[in-house]
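Below is one structure, written out as structure tokens; the observations come after it.
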Amino acid sequence: MTYDPLQQEALIQAQWMKEKVFRAPFAREMTPDTPTFYMLVMLPYPSGRIHMGHVRNYTLGDVVARYQRMRGKKVMHTMGWDSFGLPAENAAIQHHIHPAVWTRKNIADMKKQIQRLGISYDWDRELASFEPAYYRWNQWFFLQMWKRGDVFRARRNVNWCEALGTVLANEQVVDGKDERTGHPVIQKPMEQYFFAITKYANELVQGLDTLDWPDNIKAMQRHWIGRSEGVRFSFELTHGERVSVFTTRLDTLFGVSFLALSTEHPIIQAASASDAGLATFCQTIARQSREERLTSDLKLGYRTLLHARHPITGELLPVFAANYVLMDYGTGAVMGVPGHDERDHEFAVTYDLPIRTVIESTSPWDPGVLIESGWYSGMTSAEATHALIQALADTAQAEPMLSFKLKDWGLSRQRYWGTPIPTVHCAQCGVVPESEEHLPIRLPEDIHFTGRGASPLTTSETFLQATCPQCGSPARRETDTMDTFVDSSWYWLRYLDAHNTHQAFNPEEAKAWTPVDLYIGGVEHATMHLIYARYFHKVLRDLGMAHADEPFQRLICQGMVLKDGFKMSKSKGNIVDPDDVIERYGADALRLFMIFASPIEKEIDWTGFEGIEGAARFLKRVERFVEAHTPTTDPLPPVSSLSSEEKKLLSKVHQTIQRMTDDLEVRYSFNTLVSSLMELLNALQEATHLTPAVRQHIVEVLVRLLAPTAPHLAEALWARLGHAGFVAHAPWPDVIPELLVADEILVVVQVNGKVRARLSLPADTRDADKEAAALRCPELQPWLQGKTLVKVVVPAGGKIVSLVVKDA
RNA sequence: GCGGAUAUGGCGGAAUUGGUAGACGCGCUAGAUUCAGGUUCUAGUGCCUGCAAGGGCAUGGGGGUUCGAGUCCCUCUAUCCGCACCA
């Protein structure tokens, strides 16, 4: 009987399900010293169909999970749905289907698809963030954070479409217009809720040093958080008010020729009341998106009627409103030093402002030695900075300041499909947090989705009516919902205790299972999700719920799956549906090809189906090889009594175990994992004279090595070998160290850097003898004839003899 | 603009610590088997040169360090990804 993946895979999956083969235990079921492994993959957004990126991600995670299970560990590996967000609401607007209905259907469809891949999830821990049972804990965390003072309200710009009366997401805005209707979009400040993530900015930077993450991801986070050390001090304006600036280059103070303030700066806003030109300028800038403001080379400014006094020279400096100064970084105001800052320089050229050189250095933008700077001349930049802070401490309130590019986490969304923010607006008490007993604050059903006007929640009378928890008088419920990044900032903890109705999760479970041992997901989440999640985890730690400082000890970011060089997307029509591939080749072939095709962190182009033919072919060869074997119970004879062919082959087998173990445990290199296995099969098929016992040993090893990548076939073959249990629970093969030692080694001889001979020598040959053997070797003589030997190098390890010769 | 990466045969890639470049797979060529085949098996396959043995060249371009560089340093070019309201 031959193995037909299309029929067998479903049967095997049903058995796994029935026997709960992948069930992860609770902490209370384990002794404290039970070895555990938490294998986490980024939870998907239920868009409707899984795509190849999901297949890649989940297969990689599954290979590790299955391997760790075979190593005897208890493995946490499960799946959930990041199911709040814009697409469900768009579906509601366009197709008049309720977001919950749309989302439930998508989850059901995608779950079926994922299950066909044979991923070893404990489905009993499945969660979906749109369920009140989940999002009530978002609300609960919000209330705890409110108590700790980690939530605040402030005004910040949003994309505002006047015609629709709606706030738009960045992705909905194209060229300053609403993507759908083409109505213009402006930046408008709006009162919003924030998490004070910047309180943790320093710890978020420092924590990176403790993580086993790829260096590029750490670098991206460091830049995103953007820690810079500088100085804050103030300039006095001629009318007496003071404006505070932040600079990292106080040493250039004598080069200041103007001040530039953000158009949203309170001082500019105040001044525009009596300056029509300024007011117009500010409106123009408000129409630019943040992206335009940062990418545009054009530095736009407006010279106000204000002047500021230089804190040391007393010189009067013009004050500008400028588009390149951002209100949400530093203090929203900069001192303009055209001689030593590129942006200020560009601005000064445009507006014809003095450009002074006050630092001597290799480049105008680098620190150096001060000149033309009064009695600070001659000091180094560092000395001058220090001295100037002292000098300006009283007169200009100068003080060292850490500034971060990281902004506080704005979590308000004027949307329906998200977690309702649990506060009420009371005429007497203001904004008041809901009391915990009232959670969850549920999303109402009586909603009209129009895609225009304020949040859909404002159309529900039942939802709006609330009672002030503080004074008991009628109040209006908050209609903002939370950013969906909140949902994905703690889900891995909920997996551990997914059905708990009186706690987000039991801290004992967190203690037993976290930090997550390995987290795999797309590189596109390198900054936002992975910073928010780290932040949230630290808050949970400070609430006494999570015990580790960092949530994800090891991280792998997989590259994207492309088709013909582009991201697969519906709009491009270049989607390859995993179901079609499984239909034709089976899940094992798809899994095997996915991880073999390319290293994880690289993008992979699904150029066609040629590669997967090879994967399917390999699986058939394995099957035939095992099929041809008649099982025996004879034990493996001692190594000393093996024939030399058998010993050589068994060495290959055990080297392969060694390499694959290394690939799975240390290197996380999956494509080479598969190629080792292919190499092994090639070697096995060449072997002719094997005793049944040796063959039995080899076949048993082979099937177990196959089990993490092609689990269905491995399961079937394991049964055929007469085993009663699942190969999923079989132990990973142990290396017999004796078999790793080779009798002979290959020594390569180089002359002037070129390989001229290869010698096979006994493994215990000393380096000096290798050198002698090399010099004697006949094929080397033409290269040595008539030359003088200048130098011989035999590096440690002794695999190379390098000869340097020159003409005699 | 800022930040992060990548570049090796016809293609995907391997080379784990500076030590045999091209493992493994795809594709292609030839032969065998089957013969309805899109099955299977064997051999070959970086480029140039040579009857052959062999030799030369070769890891995006240029330069450098070294006995030795795909790997380290400098520089240039090309391509891809992220940028805070997509998830």
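Within every chain, numbering begins at 1; the chains are lettered A, B, ... in the order of the sequence lines, protein sequences first and strands thereafter.
For the pair A:R667 CZ and B:A23 P, the interatomic distance rounds to 17 Å; values are reported in whole Å. Summarising the geometry, the separation between CZ on A:F618 and P on B:A23 is reported as 17 Å, rounded to the nearest angstrom. Atom CE of A:M528 is separated from atom P of B:C81 by 18 Å (rounded to the nearest Å).
When the nucleotides B:A21, B:C86, B:C41 are ranked by their closest atom to the side chain of A:R621, B:C41 comes out on top. Considering only the side chain of A:N682, B:G25 comes nearest among B:C85, B:G25, B:G55. The side chain of A:T672 approaches B:A15 more closely than any other nucleotide in the set B:A15, B:C41, B:C24. Comparing B:C57, B:C24, B:C85 by their closest approach to the side chain of A:R413 singles out B:C85. Considering only the side chain of A:K405, B:A84 comes nearest among B:G27, B:A84, B:G3. Of the candidate nucleotides B:G12, B:C57, B:A87, B:G12 has the atom nearest to the side chain of A:F596. Of the candidate nucleotides B:C24, B:C85, B:G13, B:G13 has the atom nearest to the side chain of A:S598. The nucleotide whose nearest atom lies closest to any side-chain atom of A:M678 is, among B:G13, B:C24, B:C86, B:C24. With B:G13, B:U16, B:A87 as the candidates, the nucleotide lying closest to the side chain of A:P599 is B:G13. In the set B:C24, B:U16, B:C41, B:C41 carries the atom at the smallest distance from any side-chain atom of A:R624.
The side chain to side chain donor-acceptor pair (under 3.5 Å) check on A:T661 picks up A:W732, with sequence neighbours excluded. Considering only residues two or more places apart in sequence or on other chains, A:F670 meets the ring-ring contact (aromatic ring centres under 6.0 Å, His included) condition with none of them.
Using a 4.5 Å heavy-atom threshold, the side chains of A:F485 and A:F536 count as separate.
Judged by atom type and distance alone, A:Q750 reaches the base of B:G19 through a side-chain donor-acceptor pair under 3.5 Å.
At most 12 heavy atoms of other shown residues, nucleotides or ligands fall within 6.0 angstrom of atom CZ in A:R343.
Remark: aromatic rings of A:Y134 and A:W490 are close, center separation under 6.0 Å.
Base pairing in RNA chain B gives the following stems of 3 or more Watson-Crick or G-U pairs, range against range and under 3.5 Å: B:1-7 with B:77-83, B:10-12 with B:24-26, B:27-32 with B:40-45, B:46-49 with B:54-57, B:60-64 with B:72-76.
Both tests pass for A:R153 against the ring of A:Y193: distance under 6.0 Å to the centre and angle within 45° of the axis.
Within the nucleic acid shown, A:R343 has no heavy atom closer than 4.0 Å to any nucleic acid atom.
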(message) Determine whether A:F618 and A:F596 satisfy the following criterion, ring-ring contact (aromatic ring centres under 6.0 Å, His included), listing intermediate values before the conclusion.
(response) CA-CA 12 Å; A:F618 169 74; A:F596 175 59; 8.6 Å; no

